[in-house]
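Below: one structure, written as C-alpha cells.
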There are 2 protein chains.
Amino acid sequence: MHQPNGLYPELKKNSNKHTVLNLVRFTPGGISRADIARHLGLSRAAITAIVNDLLVNELVRETVDGPVTGGRRPKMLGINPNGGYVIGVDIGATHLGLLLTNLAAQVLYEIEIPFQVSLGPEVCLAKIDDLLRELLSKADLTLDHVDAIGVGVPGPVVEEAGAVIAPPIMPGWDHFPIQTHLHKLWKCPISLNNDAELGAIGEWAYGAGRGEDHLLYIKVGYGVGAGLLIEGNIYRGATGSAGEIGHITIVDQGPLCTCGNHGCLEALAGGRAIAERAQLAVKNSNGRRTQLSQIDPIESISSYDVTSAARMGDLKAQEIIAEAGNYLGIAIVNLINVVNPGMIVIGGGVAQNGDLFLEPIRRSANERSLPAAVQNLRITAATLERRSTSMGAIVQALTISLSKKSNQ
Amino acid sequence: MHQPNGLYPELKKNSNKHTVLNLVRFTPGGISRADIARHLGLSRAAITAIVNDLLVNELVRETVDGPVTGGRRPKMLGINPNGGYVIGVDIGATHLGLLLTNLAAQVLYEIEIPFQVSLGPEVCLAKIDDLLRELLSKADLTLDHVDAIGVGVPGPVVEEAGAVIAPPIMPGWDHFPIQTHLHKLWKCPISLNNDAELGAIGEWAYGAGRGEDHLLYIKVGYGVGAGLLIEGNIYRGATGSAGEIGHITIVDQGPLCTCGNHGCLEALAGGRAIAERAQLAVKNSNGRRTQLSQIDPIESISSYDVTSAARMGDLKAQEIIAEAGNYLGIAIVNLINVVNPGMIVIGGGVAQNGDLFLEPIRRSANERSLPAAVQNLRITAATLERRSTSMGAIVQALTISLSKKSNQ
DNA sequence: TTGTTTTGTCAAGCGTATTAACCAAATGAA
DNA sequence: TTCATTTGGTTAATACGCTTGACAAAACAA
C-alpha cells in the first residue's frame with residue numbers, strides 16, 4: 001500500500017471517521033457535533049451520521065450538556081472509557097514504568113521501579129513480562145482484556161523492524177526483535193517507539209504541549225533525546241533516528257562519551273554526566289559537609305540525588321544542574337534555528353528542577369537564536385512529569401485499539 | 001478554512017485531480033493511467049475519468065507510447081507545455097537570476113546578473129522589475145501571458161505576511177511587504193519563499209533529489225541556509241524560519257558574524273568568510289604569486305574567485321575551500337542527527353567545487369554521526385547548479401498556475 | 001408571548017469512487 | 001498462424017459519503 005504523503009495522500013476509506021474520533025480523543029472536556037463540523041469544514045448533517053456510527057459502536061458517548069452558546073445547548077461527546085484496556089510501558093536506562101488505562105486514557109494502575117536496561121533484552125524483557133502480569137493481576141484482568149500495548153525505548157527505533165539500531169545506551173539490544181518478541185509473549189498489537197518521541201506525544205495529547213502544531217520535546221534523563229511532533233505526527237526522518245540529539249557535538253575535544261566521540265551533549269548534560277560531576281565535587285570538597293556528601297559510598301550518588309539536593313538548597317548541586325542547563329541551552333539554540341518549534345517541553349528526571357534548569361536554556365535561546373524563531377517560542381517543563389513517555393505509549397496503544405474498533 | 005494537518009486533514013474537493021496532476025508533473029518521462037492507479041491505490045476506471053477531465057482542459061496530453069510491459073502498451077501522459085508561462089526569480093545576496101518557462105517547466109529564456117540585495121527593497125525591486133520586463137520582451141511576451149511568478153529571497157519568510165523578518169543578510173528588508181509590492185507591479189499571483197527552501201524543491205523536482213522523501217538541501221553562497229523537504233512538502237516550522245542554519249554556533253568565541261554573535265556557521269563557511277580568508281592569505285603571502293594574488297585590488301577577491309582558483313589548482317584556494325567544507329561538516333553532523341535526512345544536496349556557488357568541498361563533509365558525517373542515521377545517507381552536489389533556487393521558484397509558480405487551471 | 005440563534009436530524013440529490021464486464025493491443029507457446 | 005494470457009484503457013451500473021435545504025428542539029432576548 002502507498003505511504004501517506006503530502007503530494008500523494010493516502011486515500012483511505014472512512015478517513016473522516018478517524019478524523020472525528022481523533023478530534024473527540026484530543027479535545028479536553030469533549031466536543032460537540034457542531035464544533036466538529038466547524039473544525040473539519042464539513043456539514044453538521046455529515047457529522048451526525050459519522051457520530052451516530054461511533055455511538056452505536058460504543059466508541060464515543062454523549063457526556064454532559066456543553067456551555068451556553070446563545071442557542072440550543074450542545075451535547076458534548078467523549079471517548080467511551082469502557083470496552084477495553086491498554087498498557088503503556090516506559091523502558092528507561094535506569095527505570096521502568098508501566099501504566100494501565102481504560103479507553104479514555106484514565107490511569108487505573110501504575111508500577112514504577114528502578115531498572116538496568118544494560119542487562120540486555122532477554123533479562124529485561126522477562127522482567128517486564130513479570131511486571132506487566134503483576135499490573136494486570138492488580139486490576140483483576142488478563143491479557144485477553146488488553147487491546148494493545150505501547151512500548152518506549154531510549155534508542156533509535158526502526159519501525160518496520162520493530163527493533164532499535166546501534167543504540168548508544170542500550171548495549172546488547174542492537175537489532176533485537178523487540179516487537180516480535182513481545183507480540184509472541186503478549187499476543188496483542190505492540191507499538192514500539194523511541195522514548196523521547198512518546199514523551200512528545202504524551203505532552204501533546206495530555207500535557208504542556210496540548211494543541212501545539214510544532215512541538216519539540218526534549219528528554220533529559222540518563223541519556224538525552226528529542227521528539228519532534230509536527231501537526232500531531234511524529235517526525236521520524238528517513239530511517240527513524242531523527243531527534244537523536246544526545247550525540248551532537250557541543251564542546252570540541254570535550255569529555256569522552258559512551259558513543260566513542262568527545263564533547264557530546266549527553267556527556268555534558270545527561271544524567272550520568274551530572275552524577276559523575278557531583279561525585280567528583282564531593283571527592284574534592286575536602287570533607288566539607290553538604291547535602292551530597294552525606295551519601296555513601298560516593299560512587300552511588302545519582303543524578304536523582306543531585307536533583308533532590310538542588311531542590312533542598314545545596315549550592316554545589318544547583319551549580320551542577322545549572323551547568324547542565326547551560327550545555328543543553330547551546331544545543332537547543334541550534335535546534336531552534338533548524339526546527340523552529342512553536343514550543344519546547346523539557347522532560348526527564350533532570351527537568352524536575354524547573355526554572356533552575358530552564359533559565360539557562362531560556363537565556364541562551366533569547367541571546368543566540370534568530371529573532372524570527374524565538375519571538376513566539378515558549379520553553380516549559382513537562383507537566384506529566386515522570387509519565388510523559390508512558391502516557392505517549394498509551395496514546396499509541398489507544399490509536400491502535402480505537403482504529404481497530406472503528407473499522408468493524 | 002481549516003489548515004491542512006496530519007490528524008485533521010483538509011477535505012478538499014477534486015483532491016485526487018490535484019494528486020494525479022502532481023504525479024504527472026513530477027514523474028520524469030511521463031506516466032501511464034495504469035501506473036497512476038497503482039501509485040494512488042485507485043481503480044483504473046477512476047483514473048480514466050480524472051485524466052479525461054485533465055485532457056479536455058488541456059492541462060495534460062498524451063505523449064508517446066510507453067515501454068513494453070508484456071501486454072498492451074501504455075499511453076504516457078505529460079503536462080501540456082502550451083497554454084501559459086511562469087517566471088522564477090532568484091534574489092541572492094550578490095546575484096539575481098530570472099527564468100521564464102512554459103507549463104512543462106522547460107526553460108525558454110534566462111537572465112543572470114551580479115546584484116546587491118543590501119541596497120534595500122525599493123532599489124532592488126525596481127531593478128528586478130526592469131529585468132523581468134526585459135526577459136518578457138526577449139520572449140515577445142507581456143505580463144498578461146504570465147500565470148504566476150515565484151520569488152526566492154535569502155532570509156526567513158513569513159508566508160502570511162509575504163515578507164521577511166529580521167533577515168541577517170538583507171538589511172533594510174525587515175517586514176517590507178515584498179509580495180504585495182510585486183503583486184501591485186505585476187498583477188499576477190506571487191509566491192514568496194526562502195531561497196534554500198526553493199533550492200530543495202528545485203532539486204527534488206528536477207535535480208539530484210528526485211523522489212527523495214526526506215531531502216535536506218544546503219545552500220552555501222554568500223549566506224548559508226538549509227531547506228528541508230518532507231514527503232514533497234517544505235517544512236517551514238512554526239513561524240517560517242526553520243532551516244536557518246547560517247547562525248548556529250560552530251566555534252565558541254569564534255569570529256564575529258554579521259548577526260552580532262560569534263562563531264556562526266556563516267562566519268566560518270559562507271561566501272563572505274571564504275573571500276575574507278582569501279584576501280588575508282594574499283596579504284600575508286609576501287608577494288608570492290598565486291592564482292589569487294593576480295586579482296587587484298585585493299579587496300575585490302570574491303568567493304567566486306576562490307572557487308575558480310581552486311578548480312584551476314591553486315593550493316591556497318583549495319585549502320580555504322576544504323576548511324569551509326570542514327566547518328560545514330560539523331554543522332551537517334548535527335543536522336543529520338536531528339533531521340535524519342535520506343539525502344543531502346549541497347548547492348550554492350561554493351558547492352561547485354564538488355568533491356574538494358564534499359569530502360570533508362562526508363568524512364565528518366561518517367565519523368561523528370549516529371550509524372542509524374548515516375548508513376543509507378547520500379551526500380551530493382546540486383545538479384541544477386546555479387538554477388536550483390530559480391527552478392524551485394518555477395515549481396511554486398507552476399503549482400499556482402496548474403491548480404488554478406484545474407479548478408475551472 | 002414571539003422572534004432569534006444555535007444544535008441536531010432528516011430526506012433528496014450529487015459527486016466521486018468501485019465493480020465487473022468489455023475491447024484493444026501486446027506477448028508467447030503450440 | 002492461431003489462441004490463451006497479460007496488461008492497458010473504457011463503459012455502465014452501483015455504492016458511498018457528502019451537501020443542501022428544510023425542520024424540530026432547546027436555549028436566550030425583546
Side-chain angles (χ1 to χ4, degrees), chain A residues 1-2 8-21 23-24 27 29-57 60-78 406-408, chain B residues 1-2 8-21 23-24 27 29-57 60-78 406-408:
Chain A
M1 193 53 197
H2 186 66
Y8 321 125
E10 191 175 14
L11 307 155
K12 200 179 183 177
K13 282 180 191 170
N14 298 333
S15 90
N16 284 338
K17 200 153 87 177
H18 285 93
T19 308
V20 168
L21 196 54
L23 212 40
V24 174
T27 307
I31 188 169
S32 67
R33 291 167 178 82
D35 262 340
I36 295 173
R38 275 187 292 266
H39 266 89
L40 301 184
L42 295 181
S43 66
R44 296 198 309 277
I47 302 303
T48 293
I50 294 170
V51 166
N52 279 344
D53 185 291
L54 293 171
L55 283 171
V56 300
N57 286 320
V60 158
R61 63 177 187 180
E62 293 183 343
T63 52
V64 290
D65 277 5
V68 181
T69 52
R72 172 175 170 178
R73 293 183 67 188
K75 293 175 197 160
M76 303 306 270
L77 302 166
S406 70
N407 275 332
Q408 283 164 0
Chain B
M1 193 55 195
H2 184 67
Y8 320 126
E10 192 175 12
L11 307 154
K12 201 179 185 177
K13 280 180 194 169
N14 297 335
S15 87
N16 284 338
K17 199 155 86 178
H18 286 91
T19 309
V20 168
L21 196 53
L23 212 41
V24 175
T27 307
I31 188 169
S32 68
R33 291 167 179 82
D35 261 341
I36 295 173
R38 276 187 291 265
H39 267 89
L40 301 183
L42 294 182
S43 63
R44 295 199 309 273
I47 302 303
T48 293
I50 294 170
V51 167
N52 279 343
D53 185 290
L54 293 171
L55 283 171
V56 300
N57 286 317
V60 158
R61 62 176 188 182
E62 292 182 345
T63 52
V64 290
D65 277 6
V68 182
T69 53
R72 171 176 169 177
R73 294 181 68 186
K75 294 175 197 160
M76 303 306 270
L77 302 166
S406 71
N407 274 331
Q408 281 165 2

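Here the structure is a predicted model, which is why all the values come from computation and not from measurement.
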- side chain to side chain contact (heavy atoms under 4.5 Å, CB included) assessment of Thr27(A) paired with His39(A): CA-CA 11 Å; Thr27(A) 307; His39(A) 266 89; over 6 Å; no
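Closest to the side chain of Leu42(A), from the set dT10(D), dT19(D), dT7(C), is dT19(D). Of all nucleotides listed (dG21(D), dG8(C), dT10(D)), dG21(D) comes nearest to the side chain of Ala45(A). Nearest nucleotide to the Arg44(B) side chain, out of dG9(D), dA26(D), dT18(C): dG9(D).
Summary of the strand contacts: Gly71(A) and Ser32(A) both lie near DNA chain C, and taking for each the nucleotide with the nearest heavy atom, the more 5' one is attributed to Gly71(A).
Protein atom CE of Met76(A) is 18 Å distant from nucleotide atom P of dA26(D), rounded to whole Å. In this structure, the CG atom of Asp53(B) is 15 Å from the C1' atom of dA17(C), given to the nearest Å. Separating the NZ atom of Lys17(B) from the C1' atom of dT16(C) is a distance of 12 Å, rounded to the nearest angstrom. Per the geometry, NE2 belonging to His39(A) stands 13 Å off P belonging to dT7(C), to the nearest Å. Between the CZ atom of Arg33(B) and the P atom of dA25(C) there is a distance of 14 Å, rounded to whole Å. As a whole-Å value, the separation of Asn52(B) CG from dT16(C) P is 14 Å. Here the P atom of nucleotide dG8(C) and the CD atom of Glu62(A) are 8 Å apart, to the nearest Å.
Thr48(A) has no side-chain polar atom (N or O) that falls below the 4.0 Å cut-off from OP1 or OP2 of dG8(C). Regarding contacts with the backbone of dC18(D), a side-chain N or O of Asn16(A) is found under 4.0 angstrom from either OP1 or OP2.
Here CG of Leu42(A) is found 11.5 Å from OG1 of Thr48(A). Values are rounded to the nearest 0.5 Å. Taking CD1 of Ile50(B) as the reference point, atom NE2 of His18(B) lies at 11.5 Å (rounded to 0.5 Å).
Counting only heavy atoms from C-beta outward, the side chains of Val20(A) and Leu77(A) never approach each other to under 4.5 Å.
Within 4.0 Å of Ile50(A), counting heavy atoms only, lie sugar-phosphate atoms of the nucleic acid but no base atom. Ala49(A) comes within 4.0 angstrom of no nucleic acid atom, judged by non-hydrogen atoms across all strands. Within 4.0 Å of Ala34(A), counting heavy atoms only, lie sugar-phosphate atoms of the nucleic acid but no base atom.
Side-chain atoms of Arg72(A) come within donor-acceptor range of the base of dT7(C), with a qualifying N/O pair under 3.5 Å.
Here the closest non-hydrogen pair linking Arg44(A) and Ala34(A) is CD-CB, 4.1 Å.
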